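In what follows, residues are counted from 1 in the order of the sequence shown. Predicted, not measured: the structure shown is a model, and the values here were computed from it. Counting convention: from 1, in listed order, for ligands and their atoms alike.
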Amino acid sequence: MLLIRGGLLTDSERQYRADILCGGGRIVAVGPDLDAPLACEVVEAGGLLVIPGGIDPHTHMEMPFMGEVASEDFESGTVAGLAGGTTTILDFVIPAPGGSLLDAYRDWRGKAEKAVADYGFHVAVTHWDERVKEEMAVLTREHGVNSFKHFMAYKGALMVDDDVLLHSIRHALDLGALCNVHAENGDAVAWLQQELLAEGLTGPESHPRSRPAAVEGEAAQRAIAIAGLLGAPIYIVHVSTRDAAEAIARARAAGQRVYGEVLAQHLVIDDSVYETGDWLARARHVMSPPFRPRAHQEALWAGLVSGQLHTTATDHCCFCAPQKEKGRNDFTKIPNGTPGIEDRMSVLWHHGVRSGRLTPMEFVAVTSANSAKIFNMFPRKGSLAVGADADLVLWDGEATRTISAAASRQRVDYNVFEGMTVAGVARTVISGGRIAVHDGDLRARRGDGRYVARPCFGPDFRARSAQVRNAQVGSALA
Ligand code: URP
Ligand code: ZN
Ligand code: ZN
Ligand code: ZN
């Protein structure tokens with residue numbers, strides 16, 4: 001057993017001083033001055049916050065993408081996450097073109113066996129046929145998958161059209177599963193890319209020009225409209241623009257259940273990165289959606305503060321220099337993605353809490369509890385309640401560190417936050433009731449992570465959704 005003594009417990013609702021006793025991987029008692037049972041390890045948390053372990057709801061470990069495989073695997077990636085206070089990830093299962101969702105899911109389960117921290121999966125739907133329909137049902141019923149992902153961009157690869165979206169979102173609703181979208185108009189992106197290349201504009205600075213804010217805003221609105229038509233909730237990953245954030249806020253004000261995710265990277269890095277440094281420095285910032293002009297960042301922060309945007313993630317997707325080099329003569333061939341899993345919590349604490357934008361409780365909400373609720377893992381994850389998984393972070397909000405690739409555990413040769421000094425350090429990280437990291441020292445082992453099966457949503461999920469649909473289109477489709 002493990003007793004955490006004297007910390008300031010901070011969940012998404014309140015802060016209070018109490019001890020936490022962990023046993024069998026769970027929190028077994030919370031209260032003042034708990035007695036340490038015999039042979040119980042005691043961790044002193046005086047002066048520290050005790051928070052639920054971070055949840056990163058959007059990662060791509062060892063993902064095959066754009067002719068490369070992301071350099072971070074489930075072991076190195078979950079180690080990096082733990083070091084930064086993230087104890088659970090939700091990674092994206094990507095089926096082969098036209099392929100089986102179940103085969104891809106099994107493939108990901110195999111790759112993830114070496115994970116050091118807990119993980120669950122969203123499964124991507126990249127085409128539509130009877131087998132996909134049946135496999136979505138099997139995944140929700142038998143394998144603890146309650147969310148499906150759709151790429152509205154990456155034409156000729158992962159992109160789906162509106163027909164696939166309609167079928168998939170409708171079917172997911174019947175199954176009690178939540179759909180996610182990567183919202184960018186992939187036809188518009190492909191067209192803009194060809195225009196830029198035709199003008200000889202082949203460098204990484206053309207990447208953001210091929211994906212302007214309107215491209216994201218349009219797709220977000222379209223996905224929201226389709227979900228609204230079907231009476232389905234929808235989750236929009238990596239919202240990076242005011243346009244998309246406003247579309248979400250409007251839909252929510254109209255009673256539609258729409259959730260928005262923001263990446264730590266988009267919150268603090270702007271599009272000046274495409275105008276500075278050498279080719280490689282600019283290529284390293286090629287991700288989709290791209291980094292944006294500063295005004296968009298304030299809209300993202302406002303969304304988190306107002307509760308119109310809900311979760312923070314990293315879309316952790318790592319490609320090293322030789323991989324980015326594949327696009328040396330053509331920016332459309334630079335593998336898209338940036339790292340971030342190790343630094344998300346610190347970046348959110350420093351730029352969120354220390355800057356006065358977020359309260360510590362709001363920090364817990366946007367780094368952990370909201371993801372747990374939206375993806376049906378709460379209160380097992382994202383809470384400090386008795387019975388919850390003992391995934392805890394002893395958080396030092398005063399200590400500072402300077403982020404650098406050299407000092408990082410991420411398996412990638414750069415860091416987009418390089419040189420940034422942030423307050424907020426994970427002192428001790430507890431995963432499944434065991435000390436995983438203590439003062440920078442890794443104690444968790446390969447394979448310690450467990451698969452988190454997430455039950456599908458109950459009938460109320462459909463009932464509430466049907467009300468929205470009926471309000472929007474009358475009873476014709478009911
Ligand atoms: O650039 C990115 N985001 N790469 C990963 C794939 C995706 O779109 O999430
Ligand atoms: Zn994406
Ligand atoms: Zn992604
Ligand atoms: Zn110590």
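For T202 and D330, the side-chain atoms include no donor-acceptor pair closer than 3.5 Å. Counted by atom type alone, R344 and T312 present one or more donor-acceptor pairs between their side chains at under 3.5 Å.
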Checklist entry - So W108 and M61, side chain to side chain contact (heavy atoms under 4.5 Å, CB included) or not? Walk me through it. => result CA-CA 9 Å; W108 251 256; M61 304 304 172; over 6 Å; no
Checklist entry - Does the pair S288 and N336 meet the rule for a side chain to side chain donor-acceptor pair (under 3.5 Å), with working shown? => result CA-CA 6 Å; S288 297; N336 286 204; 2.5 Å; yes
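Considering only non-hydrogen protein atoms, atom 7 (C) of ligand 1 sits nearest to Y154 OH, 3.4 Å. Nearest protein heavy-atom neighbour of atom 4 (N) of ligand 1: N336 O, 3.1 Å.
Looking only at its N/O/S atoms, H182 has ND1 as the one nearest to the Zn ion (ligand 2). Residue-level check: among N/O/S atoms of H238, NE2 sits closest to the Zn ion (ligand 2).
Heavy-atom separations between F92 and ligand 1 are all 4.0 Å or longer.
Those atoms of ligand 1 that come under 4.0 Å of a heavy atom in S288, given as number and element, are 1 (O), 2 (C), 3 (N), 8 (O). Counting the atoms of ligand 1 from 1 in the order shown, those under 4.0 Å from a heavy atom of M287 are 1 (O).
Only the side chain of D315 comes within 4.0 Å of ligand 1, counting heavy atoms alone; its backbone N, CA, C and O stay farther away.
Here the two rings, on Y105 and H143, have centers that are under 6.0 Å apart. A ring-centre distance under 6.0 Å is found for H266 and F291.
For a threshold of 3.5 Å applied to N or O pairs, the pair formed by H182 and ligand 1 contains at least one separation below that value.
Considering only heavy atoms from C-beta on, R250 comes within 4.5 Å of Q221 through its side chain.
The NE2 atom of H58, the Zn ion (ligand 3) and the OD1 atom of D315 define an angle of 80° (nearest 10 degrees).
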